[in-house]
Amino acid sequence: MTDDLLGRRQSALAPSYELFYDDPIEIVRGKGVHLYDANGKEYLDCYNNVASVGHSHPRVVEALTRQASTLNTHTRYLHHSVVDLAERLEVKLGGDLSSAFFVCTGSEANDLAVRIARNVTGHNGVIVNDHSYHGNSTLIDQLSLSHRRPGDRVPDWIGVAEAPNTYRGTHTGGGAGVHYAGDVRRAGIRLRDSGVGVAAFLVDSTWDANGFLNAPKDYLSLAARHVRDLGGLVIADEVQAGYCRTGETWWGFEDYDIVPDIVTLGKPMGAGHPVAAVITTPEIARSFAEADSYFNTFGGNPVSCEVALAVIDVIDDEQLLDNVDIVGAVLRDGLEQLSRTHDIIGTIHGKGLFWGVELVGDRETKEPMSESRVNGIVSDLCDHGVLTGTNGPHHNIIKIRPPLVFSEADASQALEALDGALVRFAQENGNCS
Ligand SMILES: Cc1ncc(COP(=O)(O)O)c(C=O)c1O
């Protein structure tokens, strides 16, 4: 059945699509933190942040089916749900971030955010961190440097700032925040001097495509100051970082003590339903509206808004922010323990319910473990019923980013499985990369 489906998929879908794991799995059902394949095998989902409140949460399913069986239109009629959602997000974001646009994907949100920043500042240049990922529209694909192929030229309207990697970057000691923020400033000055100017710094405060980075605490506030001095806006891409993912706060940018000019939301917002948003200040929104118009056929439709409202309710009612802190601490302690027993763990990145386990061939040289070996470990975990993924510039980081309803028992199961996979790897490979 799965082999047949694989063959049909390969001929029916564009070859750009990829599948996870050496032996792709056919998932047919999900509930909470578990996914089930076509043979009924259960997997612990340690990967999918989109199912933020868990797979098939009954309150999300109820909101979706109730609204879908009542009405679905667009934002050109009055409807309370889109207003309710904008107001709920305004309260969550606080401050002056109170003017909302609704779209369907994180890519669309970032595309619109850059368009707003260009309109409002009159500048064209955008600064991003190296190896960042922000989406797939033609504009945002160019800003997603993780997708750059060798030899690809970075357009002259993009300023590249080194990602604040205190494990592998050009500065790993004290003063790293000043050092990496200085690179944002240098990228901005290059844009200014070349005549394109600085419209925005677009930043994901998990640095997901880098395998999650724990940036120096002062990095973003210093970088934001440089960007604003050069006349640009700060766009916080909260598609990964938002919705309690990193614990302690609802939003990733709060952890770095900055208030962005524009915030973009996506993935976890609809727990699997496509809903995303751009939120900015009334002043910026007014200035954009004077220069440009915006309509999105599906963005802000009542079904998506009811789903997004249900997700916020579940996070609040089930106290999932507290859960992230409690279970995140179990994962942190367990991963640190594993790094003491497995030499191939170079370092642990992460926070809350988002962790990157960086594998190396040699701890001294930090030589990355080869992609095929890391994939082998992740496929072995899958064979043993635990779903993770890989990422990072060297594809040597195991990504653990489960639904927010992950429990302490789930964390222990995941840690035990990872320990087992690393032991099997060491037995088969004699501890080499
Ligand atoms: C940080 C970040 N921004 C934006 C996006 C794009 O979101 P979407 O795939 O919904 O277009 C992604 C997707 O992975 C992302 O990780």
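Order of appearance sets the numbers: ligands from 1, and atoms from 1 within every ligand. Counting begins at 1 with the first residue of the sequence.
- At a 4.0 Å heavy-atom cut-off, ligand 1 does not touch Ile140 at all.
- In this structure, the protein non-hydrogen atom closest to atom 4 (C) of ligand 1 is His134 O, 3.1 Å.
- Of all protein heavy atoms, the one lying nearest to atom 3 (N) of ligand 1 is Asp237 OD2, 2.7 Å.
- For ligand 1, the atoms lying closer than 4.0 Å to a non-hydrogen atom of Thr105 are 10 (O), 11 (O).
- Counting only heavy atoms from C-beta outward, the side chains of Asp255 and Ser205 never approach each other to under 4.5 Å.
- Judged by the 6.0 Å distance and 45° axis criteria, Lys366 is positioned over the aromatic ring of Tyr167.
- Which parts of ligand 1 touch Gly135 is read off a 4.0 Å heavy-atom cut-off, strictly below it: atoms 6 (C).
- For atom 7 (O) of ligand 1, the nearest non-hydrogen atom of the protein is Gly106 CA, 3.4 Å.
- Two residues are said to be in side-chain contact when any heavy atoms from C-beta on lie closer than 4.5 Å; Glu306 and His80 meet this criterion.
- From the protein, the heavy atom lying nearest to atom 11 (O) of ligand 1 is Ser107 OG, 2.4 Å.
- Atoms of ligand 1 lying under 4.0 Å from at least one heavy atom of Lys267, given by number and element, are 12 (C), 13 (C), 14 (O), 16 (O).
- Taking distance alone, with nitrogen or oxygen atoms compared against 3.5 Å, Asp204 stays at or beyond that limit from ligand 1.
- Looking only at protein heavy atoms, the nearest one to atom 16 (O) of ligand 1 is Gln240 NE2, 2.8 Å.
- Using a 4.5 Å heavy-atom threshold, the side chains of Asn129 and Val160 count as separate.
- Between Arg168 and Glu358 there is a salt bridge, with a side-chain nitrogen of the basic residue lying less than 4.0 Å from a carboxylate oxygen of the acidic one.
- Neither the backbone nor the side chain of Glu108 has any atom closer than 4.0 Å to an atom of ligand 1 (non-hydrogen atoms only).
- Using modelled atom types, one finds no donor on one side chain facing an acceptor on the other under 3.5 Å when comparing Gln67 with Asn72.
- The Val239 neighbourhood of ligand 1 comprises atoms 2 (C), 3 (N), 4 (C), 5 (C), 12 (C), 15 (C), with distances under 4.0 Å to a heavy atom of that residue.
- Aromatic ring centroids of Phe288 and Tyr294 lie 6.0 Å or more apart.
- Residue Asn110 has at least one heavy-atom neighbour below 4.0 Å for each of these atoms of ligand 1: 3 (N), 4 (C).
- Under the 6.0 Å cut-off for aromatic ring centres, Phe298 and His74 do not qualify, their centroids lying 6.0 Å or more apart.
- Tyr256 and Trp207 have their aromatic ring centers within a separation under 6.0 angstrom.
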